[in-house]
2 protein chains.
Amino acid sequence: MAVRMKDIAQDLGVSLMTISKALRNHPDISEGTRKRVLKRIEELNYRPNLAARALVTGKTYLMGLVVPDLVHPFFSQIANAISKVLREQRYSLVITSSQEDPELEQQEIDQLLARSVDCLFIASTQTALEGFRRIEDQETPYILLDRKLPGLAANFIGVDDEQVGFMATKHLIEIGRRRIAHIGTPRVSPALGRLAGYRRALRQYGIRVPAGYVLIRPHGDDAGDATGYDVMKKLLSIRPLPDAVFCHNDPTALGAMKAILDTGLKIPEDIAIVGCGNVKYSDCLRVPLTTIDQDCEAIGERAAKLALKLLDSKTLPRPKTILLKPRLVVRDSTRR
Amino acid sequence: MAVRMKDIAQDLGVSLMTISKALRNHPDISEGTRKRVLKRIEELNYRPNLAARALVTGKTYLMGLVVPDLVHPFFSQIANAISKVLREQRYSLVITSSQEDPELEQQEIDQLLARSVDCLFIASTQTALEGFRRIEDQETPYILLDRKLPGLAANFIGVDDEQVGFMATKHLIEIGRRRIAHIGTPRVSPALGRLAGYRRALRQYGIRVPAGYVLIRPHGDDAGDATGYDVMKKLLSIRPLPDAVFCHNDPTALGAMKAILDTGLKIPEDIAIVGCGNVKYSDCLRVPLTTIDQDCEAIGERAAKLALKLLDSKTLPRPKTILLKPRLVVRDSTRR
DNA sequence: TTGAAAGCGGTACCAA
DNA sequence: TTGGTACCGCTTTCAA
């Protein structure tokens, strides 16, 4: 079935080594032979078996990406951006989704390690560090995306989430809102950072809100819109009603908006909304959504480039943190 | 660094073979030895090197998925569904995007073949058959998703697109529209099928529309919303203005809706819109979008199951076509 | 029930 | 410039 180096060697009456060297542009092969070999390779549509090559070189030209939810455009955009950069260097990317389940995530990581990927990208839903130790044991470089873990010195690419929360809340204050609520989610660092930023903005402007104004929706992103909807419903039963809600991400904001509109209230007249992520299509929504752009394209691109750099240097350099600048995108959901 | 079978064998003072067999539950190993081996494997967190295993068994436990646009929820939902099924059988999935570029697609396929994936899933942007012959040469099973190629006898999973087009157009007729336009895209089978269905519905109801009512937006899905917008703008300059537009997919419909609203016209009062795909979040849009659901979850799931079945049977069974039932989802964009 | 040898398809290293 | 040999980590086959 598949053509092997041996076949070509026999076919051409040279040794297997000649083929191997010609293929990789080894310097010590004559121009004539190389041409002849390459021509035959082309004709027979030969492709070296990467598994065999990996076995001896230790490089698989395979990287792994683990995201909490592949359908969330934030992550699929990151995946896409990473892919684009890696493709140019002939790397392939195994993409898996953990469905926001730490245990599943760990399984996937183990599976990828068994495959000896050259590098791992992880938007982790984990809180324990143990799994990462295992990655380090294998000396596989890895890069955390979007979410970081306290106490873990690892490569990280994301935004300054405290800044994100501050920016969003400040914007709401500046358009005159005072009863600003927040919908967050537990555990993951971006949500925690954004909550902290929200708090700082309120404090800085001397605004106090009822304790019930901070709600934490269950779990992670996987069903952000559905749980965002439910939590917003709860928020709508509180008096005084908030006049603004800052949501920790766009899908949650989407669900919240739906809940508000369902009740017959108006956005932004009655309640203004800010999301996070500037997910694709968020300007096509029922009410176009004001959001904090995290430039996910850039996150993916920078991550991929960092990965390639890590593989270049023989010794593992010490972990690098890249923080991208968040950017406020104002749309109708906060427009007067 | 990584623990190998040899290490465990030495550690336990048995032969490498004992480990290998214990690991795979080979019958001829004593219960005691097996237990002892498995325990140590657990402790050392040993994972067999899949590349090495692949080299000898010829099975990589790796499959490949090529889609035109990973950020398009239609495809990321399919990817997710495939992943879920495969994960249970310990397969990994390499996911790549062709960006609607046939040449890039071919490169990606070649790369995946070099990796000797066990099976390929392709939502192809190709029109030539040559690339598929190459897959067949390697005897790698493959499954076409969503888009099929005329003249290629291959496994296919998707919907009956002619039916989709018919259904959508019939719905517009039934709500009283007569000046029904269509925005399609060239080359790919779903778009062609839907156009045919559109034509049949008009014919069946004795409706004639100006030739200019059928517009083909450039290229594929990658920027459906942007090109949908542009093409709709053109459509809006035609007189008499259409009172309905059937778009070949949701992103295109999104762009078209934006163009209509920008002009100050109302949806559905002035122009009703139907899309295709029932992409996630399409009920949260400016005007919730009537669409034809293709059940992409099911496409992915069926595809993955078929793949596993193909790998089970020793001889390549003859190509199978699975057509899922399309389903009309009525929302505000066609509501009176 | 256990183990030794051969080999999967390549590459590294060294000899001719 | 070319080619032989060992070996990457594992499985298959067969002998002990």
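Residue numbering restarts at 1 for every chain, and letters A, B, ... go by the order of the sequence lines.
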Practice item. Round to the nearest Å and state the distance from L16(A) atom CG to dC8(C) atom C1'. Key: 13 Å
Study note, to complete from the structure: Shortest non-hydrogen pair, I299(B) vs G158(B), comes out as CD1-CA, 4.3 Å
Review point. Does S20(A) put a side-chain nitrogen or oxygen below 4.0 Å from OP1 or OP2 of dT11(C)?
Key: yes
**Study point:** Under 3.5 Å donor-acceptor, T60(A) side chain and S116(A) backbone
**Key:** yes
Practice item. Starting at atom CG of L23(B), determine the distance to atom C1' of dG3(C), rounded to an integer number of angstrom. Key: 17 Å
**Study point:** Atom-to-atom span, CZ of R24(A) to C1' of dG10(C) - whole angstrom
**Key:** 8 Å
Practice item. Would you name the heavy atoms of P190(B) and D146(B) that are closest together and state the gap between them? Key: CG-O, 3.2 Å
Practice item. Please determine, for the side chain of R4(A), which listed nucleotide (dG9(C), dG3(C), dA12(C)) has the closest atom? Key: dG9(C)
Check your understanding: Can you check the M17(A) CE to dA12(C) C1' distance for me, whole Å?
Key -> 8 Å
Check your understanding: Charged N to carboxylate O under 4.0 angstrom, E130(A) versus R133(A)?
Key -> no
Check your understanding: To the nearest 10 degrees, what angle separates the axes at the start and end of the helix from dT1(C)-dA16(D) to dA16(C)-dT1(D), five pairs each?
Key -> 40°
Exercise for review: Compare every heavy atom of S98(B) with every heavy atom of L104(B), then report the nearest pair and how far apart it is.
Suggested key: CD2-O, 3.6 Å
Check your understanding: Phosphate oxygens OP1/OP2 of dT1(C): is one of them under 4.0 Å from a side-chain N or O of T18(B)?
Key -> no
**Study point:** Terminal contacting nucleotides, 5' and 3', DNA chain D versus chain A (heavy atom, 4.0 Å)
**Key:** dT1(D) to dG9(D)
Check your understanding: Given dA4(C), is OP1 or OP2 found less than 4.0 Å from the side-chain N or O atoms of S15(B)?
Key -> no
Check your understanding: Are the charged groups of R134(B) and D137(B) less than 4.0 angstrom apart, N to O?
Key -> no
Point to revise | Length of the line joining I8(A):CD1 and dT11(C):P, which is rounded to integer Å | key: 12 Å
Review point. Between R40(A) and E43(A), is the closest basic N to carboxylate O distance under 4.0 Å?
Key: yes
Check your understanding: Does the side chain of E105(A) pick up a donor-acceptor pair with the side chain of S124(A) at under 3.5 Å?
Key -> yes
Practice item. Spell out, as yes or no, whether a donor-acceptor pair under 3.5 Å connects the side chain of R87(B) to the backbone of S97(A). Key: yes
Point to revise | Positions of residues 47-64 of chain B (non-hydrogen atom under 4.0 Å from DNA chain C), listed by number | key: L55(B), V56(B)
Exercise for review: Compare every heavy atom of L38(B) with every heavy atom of A22(B), then report the nearest pair and how far apart it is.
Suggested key: O-CD2, 4.2 Å
Study note, to complete from the structure: Rounded to whole Å, NZ of K21(B) lies from P of dT1(C) at a distance of 11 Å
Review point. Base, sugar-phosphate alone, or nothing: which one does K6(A) contact when heavy atoms must sit under 4.0 Å apart?
Key: nothing
Review point. Is K309(B) salt-bridged to D312(B), going by a charged N under 4.0 Å from an acidic O?
Key: no
